[in-house]
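Report on the structure given below.
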Amino acid sequence: MSPRDTPDPNVSHVSDTALWVAAYRAMESRRDDALFRDPYAERLAGPRGAAIAQSQEQGASGAWSVITRTAVLDEMILRAIGDGADTVLNLAAGLDTRPYRLPLPHTLRWIEVDFPDMLAYKTDKLADAQPRCALERVPLDLTRRDERRSLFDRIDRESGAVLVITEGLLVYLSQDEASALTEDVSAPLRFRWWIADVLTPELLDWLRRTAFKSFASGEVQMRFAPAGGAAFFERYGWRAGTVRRVSVESRRLGREMPNAEAFRLLAAAGSEGREPYARFDACFLGLERA
Ligand code: SAM
């Protein structure tokens, strides 16, 4: 039995966060009015994912933001494919099951990259499932720069137009690691779109001090939140075609955080209140080549 099949709530390696977010997708999928249905999320999250999610509930729930992120990225990904992406490169794919559950053209090529043991666990759990497009898995520690560059080069040569996704990855990198990854994602000319999620520095700081202090005490920390949001990526030749704020999207989708109404009242209370609260947010960026 893999350690992932035990109800240990500890987040001792960054790949454990994939179990955690899968548990929230399982939770959403059980609702009658689910925004998406991920039929594999429950088995992928397993008892470990459920235990991690349960332990986080004692701080502040992350469910609403992960569920909002999944639903909004579903829309953004389908749009990029409609605009002509023939290849999706999902960096840090974790236990995402979009190749199985989204209405994708069967000619689409979808490449998932994550740590070798994470992808082995996923392949085992999904052995009986059928993807809707051509799916490949590339086991790789993405901080290994030479290997990542040669992977990107190969995909660039083999593709017409690539959509890159880094859902839930950048926040776990250091500033240097995030800058280097951004440089490498920006180099291949056929990497035309990039969907990334980023927190504001204020939200990151608050999360580290409150909700995720159990992470901060161990190996796994949330670390990267670029000041200026999209401006960070613009320096590498991207422009933000779409910027969608989690606070706005979660309201649109009916999945707001607990106490959202109180936060809104504080934000509306006047010029003193508005700025600080508006800065505690996260964005989903639809980046395009400038
Ligand atoms: N994108 C998936 C999703 O949204 O469900 C997973 C997100 S999970 C919060 C973070 C993922 O990043 C994990 O699957 C973890 O293994 C992966 N990850 C973090 N650092 C990595 C690295 N250096 N190389 C490969 N994968 C990495």
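Donor-acceptor pairing under 3.5 Å is recorded for the side chains of Asp141 and Thr143.
Put simply, the residue from Arg30, Arg37, Arg31 that forms a salt bridge (Lys or Arg N to Asp or Glu O under 4.0 Å) with Asp33 is Arg31.
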Requested in this report: Might you work through the salt bridge (charged side-chain N to carboxylate O under 4.0 Å, His left out) test for Asp5 and Arg48, ending with a clear yes or no?
Outcome: CA-CA 6 Å; Asp5 291 316; Arg48 183 93 188 275; over 6 Å; no
**Report entry** Check against side-chain hydrogen bond (donor to acceptor under 3.5 Å, both in side chains), Asp38 and Ser29
**Finding:** CA-CA 6 Å; Asp38 182 340; Ser29 301; 5.6 Å; no
Report task. Take Arg245 and Glu249 through the test salt bridge (charged side-chain N to carboxylate O under 4.0 Å, His left out) and record every step on the way to the result. Result -> CA-CA 6 Å; Arg245 287 172 51 182; Glu249 296 297 317; over 6 Å; no
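Taking a 6.0 Å sphere around CG of Asp128, one finds it holds more than 12 heavy atoms contributed by other residues, nucleotides or ligands.
Atoms CG and CG, from Asp114 and Leu140 in turn, are 9.5 Å apart once rounded to the nearest 0.5 Å. Interatomic distance, Met118 CE to Ser15 OG, rounded to the nearest 0.5 Å: 4.5 Å. A distance of 12.0 Å separates NZ in Lys125 from OG1 in Thr123, rounded to the nearest 0.5 Å. Taking CD1 of Ile165 as the start and CG of Leu91 as the end, the distance is 8.5 Å to the nearest 0.5 Å. Residue Leu135 holds its CG atom at 13.5 Å from CZ of Arg98, rounded to the nearest 0.5 Å. The distance from atom CD1 of Ile67 to atom CD of Glu28, rounded to the nearest 0.5 Å, is 4.5 Å.
A chain of hydrophobic side-chain contacts below 4.5 Å, direct or via other Ile, Leu, Val, Met, Phe, Trp or Tyr residues, connects Leu19 to Tyr100. Both Val198 and Val243 sit in one connected hydrophobic cluster of ILVMFWY residues. Membership requires side-chain heavy atoms under 4.5 Å apart, directly or through other members.
A salt bridge between Asp153 and Arg157 is absent, with no side-chain N of the basic residue lying under 4.0 Å from a carboxylate O of the acidic one. Using a cutoff of 4.0 Å between basic side-chain nitrogens and carboxylate oxygens, Asp74 and Arg101 are scored as salt-bridged. Under 4.0 Å is where a charged nitrogen must lie from a carboxylate oxygen, and between Glu183 and Arg148 no such pair does. A salt bridge links Arg154 with Glu158: the distance from a Lys NZ or Arg NE/NH1/NH2 to an Asp or Glu carboxylate oxygen falls below 4.0 Å.
Without hydrogens or angle criteria, Thr200 side chain to Leu203 main chain gives a donor-acceptor distance under 3.5 Å.
In this structure, the side chains of Cys283 and Asp197 stay at 4.5 Å or more apart for every pair of heavy atoms. Here the side chains of Leu163 and Thr87 are not in contact, with every heavy-atom distance at 4.5 Å or above. Using a 4.5 Å heavy-atom threshold, the side chains of Pro258 and Trp64 count as touching. Looking at heavy atoms from C-beta onward, Phe284 lies in side-chain contact with Met76 at the 4.5 angstrom threshold.
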Per-pair distances, 0.1 Å, donor-acceptor, side chain in residues 229-240, under 3.5 Å, sequence neighbours excluded:
from	atom 1	to	atom 2	distance (Å)
Trp238	NE1	Ser186	OG	2.9
Arg239	NH2	Glu288	OE1	2.6

